[in-house]
Amino acid sequence: VEAVLAALAGVAGIPASPPFQRLTWAEAMERYGSDRPDLRVELQIADWSEALAVTESEIMRRALAAGGRVRGLRVPGGAVLSRRQIEEVEGAAKKEGLPGLLWSKVGAEGASGPLGRFLEEGHLAAIGAGEGDLLLAAAGPDEVTSPGLAVARTAVAAAAQLPRVTEHAWAWVVEFPVFERAEDGSLTPNHHPFVLPHPDDVERLDSDPLSVRGLAYDAVYNGAELGSGSIRNHRSAMQRRIFELLGLTAEEMDRKFGFLLSALDSGAPPHGGMALGMDRIVQRFVGVESLRDVVAFPKTTAARALFEGAPTRVAEEELRALHIRLNP
């Protein structure tokens, strides 16, 4: 896959030198807040929970007491940003569900700003902050702070014009979790329900399913996912156990996935694959903002295909063949 991506990049005049950097999903989320991090800048998210645990901030105290964390970004030279620029960064983070960002500028006389009034010299030393830095902090559970801080990282790097370590950052993000928590509290697949669990984690399927890693992987370029894949589950008993954890009954398994389970029972070998998003690859390589600029028949945001005149009326005989009846 790396050779294919390198060849495609070469056509566009973009350097790509396999092997690409590898990050586990856990590392990517901890350091960048995203499973498709843009690695062109070195700015990373840090855990400030211990360093700021004894501040007078009620927001941080409540978050820590509830089992959350205080995480933040130390932006070198970011103190030159205006309040309006900082508010624009915060606004971008709020669109991702973050309630708000606490910020502080570090000057010769100490820290200022909404976060700065809680920070003393010891706090600044603990998080490695120095004169000229901008500090952005978010408090709460990771599933709330990570998306917001990921967007804030990108936005503040652009606003502060942080130097890039490269113009073309390639990476593999590996070991995605098999499960994640749905809004109703149930388990749902992180990638899809057919990912083979990591052999070192199988014993935790029953006791701690959210900690189980899967053999899944994404190819990432400059903060965009270019392709996704996995090693598939080839053991019938394990696949049934995954379905059970996802809430399927034995009857539902056989009705929806009986063909697959029968194939696994018959000895289907280990298998895996990778799907590359060619539209996304072209979009990134030619440097346009929207997929609509690179697809042959782009649709509008209302899902209308103007070039094709779609949607169109469907003939009655076609509807009958599909056992579909329209309710006027």
Side-chain angles (χ1 to χ4, degrees), residues 24-37 43-75 86-87 89-106 111-129 133-156 175-190 201 204-213 245-247:
T24 67
W25 177 89
E27 290 172 332
M29 296 302 293
E30 180 68 17
R31 291 157 56 183
Y32 305 104
S34 171
D35 57 14
R36 45 181 177 82
L43 185 63
Q44 295 188 20
I45 299 167
D47 185 350
W48 293 345
S49 301
E50 184 176 350
L52 303 184
V54 295
T55 65
E56 297 298 320
S57 170
E58 189 63 27
I59 293 175
M60 289 189 281
R61 283 185 173 183
R62 285 200 305 267
L64 293 171
R69 295 196 290 168
V70 177
R71 302 165 70 204
L73 295 160
R74 182 185 66 82
V75 186
I86 296 172
E87 288 175 349
V89 171
E90 182 180 27
K94 284 182 174 180
K95 289 181 180 178
E96 294 298 316
L98 193 67
L101 280 174
L102 292 169
W103 62 270
S104 173
K105 295 182 179 183
V106 183
S112 62
L115 175 62
R117 60 194 179 96
F118 301 114
L119 301 181
E120 300 176 357
E121 288 187 11
H123 299 127
L124 297 176
I127 60 179
D133 288 348
L134 171 67
L135 307 177
L136 302 174
D142 289 0
E143 57 266 27
V144 173
T145 60
S146 286
L149 285 172
V151 170
R153 173 181 176 267
T154 302
V156 79
E175 297 182 5
F176 281 75
V178 174
F179 305 104
E180 62 186 20
R181 191 70 73 183
E183 289 185 5
D184 63 2
S186 63
L187 294 177
T188 188
N190 179 277
D201 297 353
R204 297 200 303 276
L205 269 173
D206 293 321
S207 60
D208 189 12
L210 288 174
S211 72
V212 176
R213 297 167 295 168
L245 290 167
L246 293 172

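The model shown is predicted, which means the values in this text are computed figures rather than measured ones.
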| query | Do L52 and S57 come within less than 4.5 Å of each other through their side chains, counting heavy atoms only? | reply | no

| query | For the atom pair CG (L205) and CZ (F179), what is the distance rounded to the nearest 0.5 Å? | reply | 6.0 Å

| Do R117 and E56 come within less than 4.5 Å of each other through their side chains, counting heavy atoms only? | no

| Do the side chain of D201 and the main chain of R213 share a donor and acceptor less than 3.5 angstrom apart? | yes

| task | Evaluate the side-chain proximity of W103 to L115: yes if any heavy-atom separation is below 4.5 Å, no if none is. | result | no

| Distance, nearest 0.5 Å, that separates CG of L135 from CG of D133 | 6.0 Å

| Do L245 and V178 have side-chain heavy atoms sitting under 4.5 Å apart? | no

| Rounded distance [0.5 Å steps], CG in N190 versus CZ in F176 | 6.5 Å

| Do I45 and L73 come close enough that some side-chain heavy atom pair is under 4.5 Å? | yes

| query | For E50, does the CD atom have more than 12 heavy-atom neighbours from other residues, nucleotides or ligands under 6.0 Å away? | reply | no

| More than 12 heavy atoms of other groups within 6.0 Å of E58 CD | yes

| Do the non-hydrogen side-chain atoms of V106 and R74 ever get within less than 4.5 Å of each other? | no

| So does E87 have more than 12 non-hydrogen atoms from other groups sitting under 6.0 Å from CD? | yes

| How close do E175 and W25 get, heavy atom to heavy atom, and via which atoms? | O-CB, 3.6 Å

| query | From R181 CZ over to L187 CG, what is the distance, rounded to the nearest 0.5 angstrom? | reply | 5.0 Å

| request: Could you tell me the separation between the CH2 atom of W48 and the NE2 atom of H123, rounded to the nearest 0.5 Å? | output: 12.5 Å

| If you measure from CD on E90 to NZ on K94, what distance do you get to the nearest 0.5 Å? | 4.0 Å

| field | Atom of S34, atom of M29 and distance for their closest heavy-atom approach | value | C-SD, 3.4 Å

| task | Would you name the heavy atoms of G148 and A93 that are closest together and state the gap between them? | result | O-CB, 3.5 Å

| request: Compare all side-chain heavy atoms of R69 with those of T145 and state whether any distance is below 4.5 angstrom. | output: no

| message | Go through it in stages, so that I can follow the logic: the residues are R71 and E30, the test is side chain to side chain contact (heavy atoms under 4.5 Å, CB included), and I'd like the CA-CA distance, side-chain angles, deciding distance and then a yes or no. | response | CA-CA 9 Å; R71 302 165 70 204; E30 180 68 17; 4.2 Å; yes

| field | Heavy-atom check, side chain of L101 versus side chain of L149, under 4.5 Å | value | yes

| query | Under the 3.5 angstrom rule, does the side chain of S146 hit a backbone N or O of D142 as a donor-acceptor pair? | reply | yes

| L98 and V144: side chain to side chain contact (heavy atoms under 4.5 Å, CB included), yes or no, with the steps? | CA-CA 6 Å; L98 193 67; V144 173; 4.2 Å; yes

| V70 versus A139, closest heavy-atom pair with distance | CG2-CB, 4.1 Å

| said: Tell me whether L124 at atom CG has more than 12 heavy atoms from other residues, nucleotides or ligands lying less than 6.0 Å away. | reply: yes

| How close do S112 and S104 get, heavy atom to heavy atom, and via which atoms? | O-OG, 2.8 Å

